[in-house]
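What follows is a single structure, written as structure tokens, with notes after it.
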Amino acid sequence: MSQTRAYAAFAEDKPLAPFSFERRQPRPDDVSIEILYCGVCHSDLHFAYNDWGMTRYPIVPGHEIVGRVTAVGDAVSHFKEGDLVGVGCMVDSCRDCQPCREGVEQYCENGFTMTYGSDDRQDGSLTQGGYSDRIVVSEHFVLRMPEGIDLPSAAPILCAGITTYSPLKHYGVKAGHKVGVIGMGGLGHMGVKLAKALGAEVTVFTRSEAKVEEAKRHGADHVVVSSDEAQMAAVAETFDFMLDTVPVQHDLNPYLATLRYDGTHILVGLMDPIEPPVAGFNLIFKRRVLAGSLIGGIPETQELLDLCAEQGITCDVEMINIDEINTAFTRMQKGDVRYRFVIDMQSLKRGDAA
């Protein structure tokens with residue numbers, strides 16, 4: 001076992017604080033990783049505050065991990081000491097069901113093992129995430145950082161990036177398609193960049209006039225202020241796809257009306273019940289599809305990292321030290337980040353966690 005320094009949540013009403021625990025020594029197929037950067041996801045906040053009623057404390061959040069390999073198990077063949085690598089939202093799955101065999105481990109029929117907050121499949125210990133100085137992961141769930149990729153901004157690609165890329169690829173977005181992106185946050189701004197990379201014409205839907213120019217700076221071809229009924233009416237039955245990144249309840253019906261026949265509305269942010277209800281005629285009369293999508297499998301995530309390196313696609317990040325994490329959580333709740341916090345994990349070594 002190796003001693004690991006981290007920041008953890010100890011209770012739903014307590015701030016995150018320094019924490020030490022033991023990581024396992026590498027199993028034969030394991031990779032041991034020194035963590036260099038870790039992105040801060042809204043899921044981290046929800047887990048820390050037990051918003052989903054499933055948190056076991058103490059919990060170390062963090063599933064947007066970039067680091068350097070420090071050791072490998074005897075059976076590891078794809079990584080060596082010194083390699084730059086990443087770890088996203090999963091660290092294991094059953095590896096035997098049809099989704100796992102097809103490389104979409106996020107839909108494992110037996111449930112994938114989360115990077116934090118899950119029971120390890122072999123020893124039953126609680127998995128702990130990337131707000132720490134090291135992690136040990138099976139090589140199957142480790143990703144190669146391609147040459148030239150910007151390491152700090154690559155961290156959120158492992159969650160925010162793949163969450164938006166996976167449905168765009170699955171539903172076949174390509175040149176000539178018109179894609180709407182609802183919301184201009186961490187997920188939304190990556191959705192714009194990735195839909196553009198696939199050749200689509202992209203329109204951002206936002207309730208804020210202040211984000212019109214901002215959306216265009218990120219590559220949006222058009223911007224619609226969704227609170228303006230005239231603007232919404234002008235784009236009725238226009239889009240092939242709608243990528244909905246909004247994580248809170250909102251009325252889907254006006255957006256469904258902007259889809260052409262056979263259009264698809266994809267939810268990637270909303271986990272709660274849909275309120276107000278979706279009107280059946282908004283689907284039936286135009287053969288529209290209301291769909292959902294969850295992160296992406298390991299092969300697809302590697303594909304995305306390679307694409308981002310090749311095309312220079314980055315996530316807009318704000319760097320913080322580990323001792324600023326509670327302030328970052330507060331700012332996230334207020335929407336005060338453009339667009340993703342990333343922790344410089346060297347701040348643990350510098351004594352910021354002391």
D251 side chain to N253 side chain, donor-acceptor N/O pair below 3.5 angstrom: yes
Atom CG of L252 and atom CG of N282: how far apart are they, to the nearest 0.5 Å? 9.5 Å
Where C38 and I65 come nearest, the two heavy atoms and their spacing: SG-CG1, 4.1 Å
For Y116 and D44, test the side chains for any donor-to-acceptor distance below 3.5 angstrom and give the result as yes or no. yes
Taking the side chain from T258 and the backbone from P254, do they hold a donor-acceptor pair closer than 3.5 Å? no
Would you say the side-chain atoms of E105 pair up with the backbone N or O of G297, donor to acceptor, closer than 3.5 Å? no
Is the count of non-hydrogen atoms from other residues, nucleotides or ligands lying under 6.0 Å from R56 atom CZ greater than 12? yes
Ring centres under 6.0 Å, that's the criterion: do F19 and F10 meet it? yes
S118 side chain vs T127 backbone, donor-acceptor pair below 3.5 Å: no
Between D74 (side chain) and P28 (backbone), is there a donor-acceptor pair under 3.5 Å? no
Closest heavy-atom pair, V204 versus A220, reported as atoms and distance to 0.1 Å, is CG2-CB, 3.7 Å
Determine yes or no for a side-chain-to-main-chain donor-acceptor pair under 3.5 angstrom, with S166 supplying the side chain and I295 the backbone. yes
Can you give each donor-acceptor pair under 3.5 Å made by side-chain atoms of residues 144-155, sequence neighbours left out, with the distance rounded to 0.1 Å?
from	atom 1	to	atom 2	distance (Å)
R144	NH2	D306	OD1	3.3
R144	NH2	D306	OD2	3.3
D150	OD2	S153	N	3.2
D150	OD2	S153	OG	2.9
S153	OG	D150	O	3.3

Would you indicate whether M271, at its atom CE, is surrounded by more than 12 heavy atoms from other residues, nucleotides or ligands within a distance under 6.0 Å? no
Restricting to non-hydrogen atoms, name the atom on L270 and the atom on P247 that form the minimum distance, rounded to 0.1 Å. CD1-O, 3.8 Å
Can you tell me how far apart OG1 (T4) and CD (E22) are? Round to the nearest 0.5 Å. 8.5 Å
In plain terms, say whether K193 and D316 are close enough for a salt bridge, that is, a side-chain N and a carboxylate O under 4.0 Å apart. yes
N/O donor-acceptor pair under 3.5 Å between S32 side chain and V136 backbone: no
State whether the side chain of Y57 and the backbone N or O of A48 hold a donor-acceptor pair below 3.5 Å, judged by distance alone. yes
With a 4.0 Å cut-off, would you call E300 and K169 a salt bridge? no
Considering all heavy atoms of both residues, which atom of L194 and which atom of C308 are nearest to each other, and what is their separation? CD2-SG, 4.4 Å
Answer yes or no: does atom CZ of R121 have more than 12 heavy-atom neighbours from other residues, nucleotides or ligands under 6.0 Å? yes
State whether the side chain of T55 and the backbone N or O of F47 hold a donor-acceptor pair below 3.5 Å, judged by distance alone. yes
Between M184 and A215, what is the shortest heavy-atom contact and its length? CE-CA, 3.7 Å
Minimum heavy-atom distance between P167 and T163, given as atom pair plus value: CD-O, 3.0 Å
Distance from M114 atom CE to L126 atom CG, nearest 0.5 Å? 8.5 Å
Validation row, ring centre F205 to ring centre F239 under 6.0 Å: yes
Among side-chain atoms of E303 and Y165, is any donor-acceptor pair under 3.5 angstrom? yes
For the pair F329 and Y131, name the ring-plane relationship: parallel under 30°, tilted 30 to 60°, perpendicular over 60°. tilted
If you draw a 6.0 Å radius around NZ in K178, do more than 12 non-hydrogen atoms from other residues or ligands fall strictly inside? no
Test item: H250 side-chain N/O and V248 main-chain N/O as donor-acceptor pair under 3.5 Å: yes
Salt-bridge present (K174, D240; N to O < 4.0 Å): no
Within this structure, what is the OG1-CD1 distance for the pair T245 and I266, rounded to the nearest 0.5 Å? 12.0 Å
Measuring from L158:CG to L305:CG, what's the distance to the nearest 0.5 Å? 5.5 Å
D30 with R23: basic N within carboxylate O range, under 4.0 Å: no
Would the number of heavy atoms belonging to other residues, nucleotides or ligands and lying under 6.0 Å from CD of E209 be above 12? no
Atom pairs and distances, side-chain donor-acceptor, residues 332-341, under 3.5 Å, sequence neighbours left out:
from	atom 1	to	atom 2	distance (Å)
D336	OD2	R331	NE	2.9
R338	NE	E214	OE2	3.0
R338	NH1	G335	O	3.3
Y339	OH	E214	OE2	2.1
R340	NE	E64	OE2	3.3
R340	NH2	E64	OE2	2.7

Under 4.5 Å between side-chain heavy atoms, counting indirect links through other Ile/Leu/Val/Met/Phe/Trp/Tyr residues: same cluster for V181 and V224 or not? no
Checking the side chain of E34 only, and the main-chain atoms of T70 only, is there a donor and an acceptor separated by less than 3.5 Å? no
CZ of R207: more than 12 outside heavy atoms within 6.0 angstrom? no
So does D29 pair up with R95, basic N to acidic O under 4.0 Å? yes
